[in-house]
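Below you'll find the structure, written out as structure tokens, and then a few comments.
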Amino acid sequence: MRKLHILTLGLLFTFFSSCDTVNQIAGQMGLGTPTDAEINSGLKQALELGTGYASERLSQEDGYLGNQLIKITFPEEAKKIENTLRSIGLGSLCDQVITSVNRAAEDAAIEAKPIFVAAIKEMTIQDVKNILLGADNAATVYFEGKTTSQLEGKFEPIISSSLDKVGATKYWGDVINRYNQVPLVTKVNPDLSAYVTQKAIDGLFYEIAKEELKIRENVAARSTVLLQKVFGYAESQNTGS
């Protein structure tokens with residue numbers, strides 16, 4: 001009798017668990033196939049949220065400096081400068097350069113937001129569909145093609161000004177001068193402003209790619225019914241279901 005009771009409870013648990021799963025699937029299916037207008041609105045909503053969040057996050061203090069994946073360090077051609085100076089006890093000067101260039105990138109990051117908003121508004125319905133049903137980084141690739149030159153134009157003067165403001169230009173000049181005084185080294189002087197601008201943009205697109213992947217793969221990141229409907233539809237198309 002006790003075994004029968006346990007078996008019955010097990011069957012009931014399985015039944016109700018299955019019901020929960022079925023109800024979840026049914027709920028998602030009940031959202032239906034989105035119209036072109038819904039796809040257009042939903043994807044643009046997602047992109048505006050994602051790009052806005054990425055630029056705002058990076059514009060905060062330590063947005064770049066505190067993120068080891070996008071933190072701006074010495075240019076590759078200047079690594080030998082850093083190594084040489086650290087080896088002769090000038091590590092703090094190198095650290096000042098790294099902190100100041102990341103602060104400059106953080107100053108510029110928020111300026112990306114209106115550029116992305118403008119690019120989103122210009123998207124055609126075909127652009128939207130290509131992104132929605134494209135690769136996991138389709139939106140990021142689209143933005144790279146459409147906004148990079150504008151971002152460079154917007155970021156460079158801000159970063160250049162910020163480099164002066166936070167003392168990076170002075171620190172960089174000190175670093176170069178100290179290094180170039182070392183006997184027998186080949187003198188170098190990379191363009192700091194251009195380098196920081198490029199790295200700041202690279203970091204921005206890295207964060208946007210993360211936001212794009214999050215909303216494609218994480219159901220919980222779809223914060224509205226419209227986003228659930230549109231990206232649920234995209235999943236069904238991409239899985240062939």
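Note that the coordinates shown come from a computational prediction; the quantities given were computed from them, not determined experimentally.
- A donor-acceptor contact under 3.5 angstrom links the side chains of E156 and S193, judged on distance only.
- D95 pairs by the salt bridge (charged side-chain N to carboxylate O under 4.0 Å, His left out) definition with R86, not counting sequence neighbours.
- Annotation: K44, atom NZ; neighbour count of heavy atoms from other residues, nucleotides and ligands within 6.0 Å is above 12.
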Practice task
Using the side chain to side chain contact (heavy atoms under 4.5 Å, CB included) rule, take E82 and V97 through it: C-alpha gap first, then chi angles, then the decisive distance, then the call.
Solution key: CA-CA 10 Å; E82 180 180 13; V97 169; over 6 Å; no

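- Judged as a ring-ring contact (aromatic ring centres under 6.0 Å, His included), and not counting sequence neighbours, F155 has no contacts.
- E106 and N102 are not linked by any side-chain donor-acceptor pair at a separation below 3.5 angstrom, with hydrogens and angles left out of the test.
- How far OG1 of T84 is from CD1 of I88: 7.5 Å, rounded to the nearest 0.5 Å.
- Qualifying salt bridge (charged side-chain N to carboxylate O under 4.0 Å, His left out) partners for D62, counting only residues two or more places apart in sequence or in other chains: R103.
- Within the structure, the side chain to side chain donor-acceptor pair (under 3.5 Å) test picks out the following pairs touching residues 214-229 (sequence neighbours left out): E38-K229, Q45-T224, E211-K214, E212-R216, R222-E235.
- A side chain to side chain donor-acceptor pair (under 3.5 Å) check over residues 142-151, counting only residues at least two apart or in different chains, returns nothing.
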Validation: residues 198-209 side-chain donor-acceptor distances under 3.5 Å, sequence neighbours left out:
unit_1 : atom_1 : unit_2 : atom_2 : d
Q198   : NE2    : D202   : OD1    : 2.8
E207   : OE1    : R57    : NE     : 3.2
E207   : OE1    : R57    : NH2    : 2.4
E207   : OE2    : N67    : ND2    : 3.3

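- When all heavy atoms of L163 and S100 are compared, the closest pair comes out as CD2-O, 4.4 Å.
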